[in-house]
**Student:** 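Got a structure here, written out as C-alpha cells. Questions coming.
Chain letters run A, B, ... following the sequence lines, proteins first and then strands; every chain starts at 1.
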Amino acid sequence: MNVTISTKERVQDLSCFGGSRLFAKPKSTSSLAQPDFERFLRYSKKFVECQHYTNNGVLVRMLEERLAEFHDTQYCVAFCSGFWGLALAMTALALQGKSEIIMPSLTYRRMADIAAWVRLKPKFCEVDSNTLAPIRQTVSECINAETALIMAVHPIVNCCDIEGIAALGKERGIPVLFDSVESVYESTSAGKVGSFGDAECFSMHASKLLNGFEGGYVTTNNAELAHRLALLRTYGFEGQDNCVIPGGLNAKLNEIHAAMALANLDELEQLVADNRQRYRQYQAGLAGMAGIRLLEFDETSKTSYKNIVVELLDGWPLKRDETVAILNAENILARAYYSPPLHQKKMSYPFVPANLQLTDDLARRFMLLPCGDFVTCEDIDRIIQFLKFIQSNGAEIAHRLAEAEAK
Amino acid sequence: MKTTEFAVLGGTAAFAKMLPVGQLYFPSWDRYEAAMRGIFERRYYTNQGPLTQQLEERLQDYLGVKHAICVTNATIGLMMAAEAMELSGKVVMPSFTFIASAQSLSWTGIEPVFCDVDPATHQIDIGKIDALLDERVTGIMGVNLWGGACDPVALEKFSQARDLKLYFDSAHAFGCEVDNRKIASFGSLEVFSFHATKILSATEGGCLCTNDDVLAARLRNIRSSYGAGKPVPVVKTSNGRMSEAQAAIALLSLEDFPQNQQKNETLFRQYEEKLKHIPGVKLIKPAGVTFSNYQYVVCEIDANSFGLLRDELIAVLKAENVNARRYFYPGAHRSAGYRDKLHEYADRLPITDQLCATCIQLPIGAMVDSDAVNAICELIDKCQCNADALKSHFAGHGK
C-alpha cells in the first residue's frame, strides 16, 4: 500500500490496525551514506586503469593508509567485512591453549557466532546500566584460568570503559580486542578510538558511518599483529606460492568497495554535521516528553551523532516490543536494542551459561530510531509527532492490542 | 633469438609490462559507470539487493539449478557449504588444488584427507579413495580442475554406495558441461568462484548451487540474507553476503561470458598448436567435459626432454615479463597447517608431488592476445633449443 497520511488522528488510523502508513518509504536505522558520484568514479578510475581489481590493490592500500591516519594508529588492515575482521583478530590475539572469550551479552547478534567460528567459548559479562557497555569490574569478574581474550564492545551511543578494560587486560596479561563498529568517529578523554587495547575492529557495511558497500578493518599499533592479519586474510600467503601460517582464509576487500569507502571518508565531516542536525532535532522534539528518554551523546569529545537510541521509561504506556511493532507498521523501522541478549539465545556450540539480570532488564527497554542519510528533519518531526500520539493514546492502543491478541 | 637476447641473460624483456596469468576480464568503463550509477540511484548497497537477486535468478537459469546463492567469495562459500552440510570428522579431497579448499575444512573443524590425482587429467583419482576411508570420514569434496571435471557422475555413484556426502569445489568450472549438462547440480552442492582471475568475475565473489531446498535454506541463513526465504535453524551464521557492486560486475561478466569463453578457447587452441611441437612440454586439455571455459593453460614440463627444470623455465619467462606460475605449489599437504602430518602422505601422493614439481601455468584472458601467445610459445621453444646455454647460466648462479 502506498497511500500515506501525514498524521494520525484516531487509534484506528494506525497501520497496525489497518490504517495507511505514515511513510511511503521505509525510514531505517542504517546510515546508507552516499558520496558524490563523480568522486566515487575518480577513485574507481585508479583501479580500472591499472586493471587490478582485488588482492591488496592500490585503493585498498590507500584506504588502509588513510584510515590509520584517521584513527592515529600505525597500522590498518582492511577486510571483506567486519565479521571476518573480528574473526581473524580473535584468532590472532587469543592466548594459545585457553578456551574462553569474554564478551558482553548485550551486543551484536552474531558476536557469539564469530567466537564459535574461531572455536572460542563465549563467556558473557554484565554491562553498566549507564553506558550499556562492559566496564572493568564486570569484565574482571569473568576472568579465570581459561580466559583467552577480552572482547570489549562499545555501545551504540558513546564509548565503553576504554581505559579501565585496557588496563585490566595489561595487568592480567590478557589481550584486549575492542569492537568499535559503532565508534568510528569517537574520541574520549583518553584519546581517539582506534589505538586502544591490542587492536580495534570496525565495519564498513552500508548501514555504518563509513559506507564501503561491505567491508571492515582492524587498527593496531602492533606491527607483528598487523602483518599476521594481512597474511591471514590472504590464505596465509607471503608472496607467491608461499603459505607461511595456518588458519588463513579469503577475507580480502575488493577495489570497488575500497573506492566507495574512500569517497565516503572524504565526506565524513559533512555526514557527521548532518547527523548532528538530525540528533538536535530529536533532542528538541523528545525533550519533556514523558516516558521516553533520548540517550545523549557525550559532546565533550568528538562524536558521530549517528545512532538515535531511546529508553522507554515506566511512564511509557506500551511495551518496547509493542512500540517497535507499531512503528514498523508505519514504515518507521525502529529496532529493539540488542534483543534478545546473546546469553538468552539458543546456542548449539560450547558457551558458558550466564545469569545476567541487568542485561535482561536493559534488553527490554531500549530501541533505535531512524537515522542516517535517508532521514530528514521533517521526517524526524513526524516520527516525534507519532510517538506523542502513541504516548497520549497509550491506554486505548494497549486495549486494542490486547483485543487483537485475544482473537 | 640468440641466447644472449634472453632477458635473464641481460637482453630486453619480450613484454613491456608484466603479463599476468588470471582472466581479469572487466566491463568497459561506460558499462561500469552505468551500473554504478544505477546503484547510486537506488541507494541499495548490500543485504540481498535487487542486483544480487537478479544475478541469482540468471545463474539459476543459466546453470539449470534450483538455487544459486551468491557469496562474498568462494572460500567463505566452501566454509558455509561444510557448515550447512553438517560435515564432521574428516573429508576426502585432492591435495592438488588451491589451499583454500583445505582451509575451508579446517575452519569448520574438519580434517582434510588428501587423495592423489590422475596423472593424465590431474583430477582426483577415484580409484584411490577407498584406501583412505575410515569411520571418521563423512564426505568427499570433489574439485573440478582446469576447466575440466573430476567425473562427478562416477563420484556420485561412489559416494552413494558408501553413504558419504559429496560436494564440489567448482571454482574453475563456471560454464563447463559434462555430457552437455552444466556443472552446478552434481552432488549435494557446488561452489563457484567469481574472483577477478576467473572467467566470471565479481572482482571478489562466488556462488553456491544446489537442488536441495533444505540445504539452500540453511545456506541462506548462514550467509545472512535479509528476507530471502524463511529462516531455518543453523549452528552458526556468518557474513557471506555479496554486495550490489559485486553483483553488478558479475551480471556484466555473465553477459560477456560467451565472447570471453570464445576468446579463451581460441587462445587455448593456439597454445595447443604451437606447444605440441616442443619436446618436454605437455599441455593439459580440460578433461571429462563436453564444453569448457578454457580459463587455464597448464603444462607439465619434463625436464629431461625439455632440457630445463620447470622453475628454470619460470625464471626465464618472468624475466621476459611473463608471470608464469607454479600451480599448485607446493600442494596442500606440504603447506602450513597440513605439513605436520606429512609423514602420513610421504608415499601416498606421488602423482601430486610430481605435478607440483612440473606444472606451469601460462597467461590466458583479458590481457592476452594472439600475438602474445605466439611470443610466449616462441620463447618456450627458444628455451628448449637453448637449454644448455641457459642451464649453464643457472649453474653459474648456484641454481
Side-chain angles (χ1 to χ4, degrees), chain A residues 30 32 34-35 37 40-41 44-45 47-48 51-55 57 80-84 87 109-110 112-114 116-119 205-207 211-216 235-237 240-257 259-260 346-349 373-374, chain B residues 20 24 26 29 32-33 36-37 39-40 43-47 72-76 79 98-100 103-104 106-109 195-197 201-205 224 233-246 248-249 323 325-330 332 335-338 340 366-367:
Chain A
S30 293
L32 306 174
Q34 177 144 284
F37 187 57
F40 168 74
L41 288 181
S44 294
K45 201 119 213 169
F47 79 81
V48 170
Q51 296 171 297
H52 195 128
Y53 311 109
T54 183
N55 294 17
C80 62
S81 67
F83 185 102
W84 293 108
R109 65 199 163 105
R110 299 185 204 282
D113 286 9
I114 302 177
W117 276 103
V118 302
R119 278 183 281 289
H205 183 263
S207 62
N211 170 10
F213 288 102
E214 292 269 356
Y235 318 100
F237 279 121
Q240 282 182 1
D241 306 327
N242 189 22
C243 180
V244 290
I245 51 169
L249 49 53
N250 179 2
K252 289 171 285 176
L253 184 71
N254 72 60
E255 290 287 283
I256 308 178
H257 290 188
M260 185 70 156
K346 186 177 171 289
M347 281 171 273
S348 315
Y349 42 76
D373 236 13
F374 271 90
Chain B
L24 303 174
F26 198 76
W29 177 258
Y32 173 81
E33 184 179 331
M36 293 302 138
R37 194 181 292 279
I39 294 173
F40 272 59
R43 305 191 64 172
Y44 204 128
Y45 309 104
T46 184
N47 292 9
T72 188
N73 67 54
T75 309
I76 288 168
M79 288 157 59
F98 188 57
I99 188 75
Q103 288 173 336
S104 72
S106 302
W107 269 90
T108 37
H195 185 257
T197 54
S201 168
T203 66
E204 289 278 354
S224 106
V234 295
V235 172
K236 54 184 182 278
T237 62
S238 72
N239 177 359
R241 293 184 298 266
M242 174 181 270
S243 76
E244 288 289 280
Q246 291 170 291
I249 303 304
N323 197 9
R325 301 278 307 269
R326 304 187 284 192
Y327 216 66
F328 304 100
Y329 184 84
S335 296
Y338 308 103
D340 51 333
M367 317 289 185

**Student:** Give, as side chain, backbone, both or neither, the part of B/Thr108 having an atom under 4.5 angstrom from any heavy atom of chain A.
**Tutor:** both
**Student:** Is chain A contacted by the side chain of B/Thr237, its backbone, both, or neither, given a heavy-atom distance below 4.5 Å?
**Tutor:** both
**Student:** Any donor-acceptor pair under 3.5 Å linking the side chain of B/Asn73 with the backbone of A/Asn250?
**Tutor:** yes
**Student:** Using atom types as modelled and distance alone, determine if a side-chain donor or acceptor of B/Trp107 lies under 3.5 Å from a backbone N or O of A/Gly248.
**Tutor:** yes
**Student:** Of all residues at least two apart in sequence or in a different chain, which pass the salt bridge (charged side-chain N to carboxylate O under 4.0 Å, His left out) check with A/Arg109?
**Tutor:** none
**Student:** With a 4.5 angstrom heavy-atom cut-off, is it the side chain or the backbone of B/Asp340 that approaches chain A, or both, or neither?
**Tutor:** neither
**Student:** Check whether B/Ser201 gets within reach of chain A through its side chain, its backbone, both or neither, counting any heavy atom under 4.5 Å.
**Tutor:** neither
**Student:** Can B/Ser224 and A/Arg110 be said to form a side-chain contact (heavy atoms from CB on, under 4.5 Å), step by step?
**Tutor:** CA-CA 10 Å; B/Ser224 106; A/Arg110 299 185 204 282; 3.1 Å; yes
**Student:** Among the options B/Tyr329, B/Tyr338, B/Phe328, pick out the one with the most heavy-atom pairs lying under 4.5 Å from chain A.
**Tutor:** B/Tyr329
**Student:** Look only at the side chain of A/Gln34 and the backbone of B/Arg43, and say whether a donor-acceptor pair between them is shorter than 3.5 Å.
**Tutor:** no
**Student:** Quick check on B/Ser238 against chain A: is it the side chain, the backbone, both or neither that has a heavy atom closer than 4.5 Å?
**Tutor:** both
**Student:** If only side-chain N and O atoms count, and only distance matters, is there a donor-acceptor pair under 3.5 Å linking B/Glu204 with A/Thr54?
**Tutor:** yes
**Student:** Check the side chains of B/Tyr32 and A/Ser44 for a donor-acceptor pair under 3.5 angstrom, ignoring hydrogens and angles.
**Tutor:** yes
**Student:** With chain A as the partner, which of B/Thr72, B/Ile99, B/Thr75 has the greatest number of non-hydrogen pairs under 4.5 Å?
**Tutor:** B/Thr75
**Student:** Look only at the side chain of B/Gln103 and the backbone of A/Tyr235, and say whether a donor-acceptor pair between them is shorter than 3.5 Å.
**Tutor:** yes
**Student:** Of B/Asn239, B/Thr46, B/Asn47, which is the lone residue that meets side chain to side chain donor-acceptor pair (under 3.5 Å) with A/His205?
**Tutor:** B/Asn47
**Student:** Given a strict heavy-atom distance threshold of 4.5 Å, which part of B/Met79 is in contact with chain A: side chain, backbone, both, or neither?
**Tutor:** both
**Student:** Suppose we screen for salt bridge (charged side-chain N to carboxylate O under 4.0 Å, His left out). Which residues come up paired with B/Arg37, at least two apart in sequence or across chains?
**Tutor:** B/Glu33
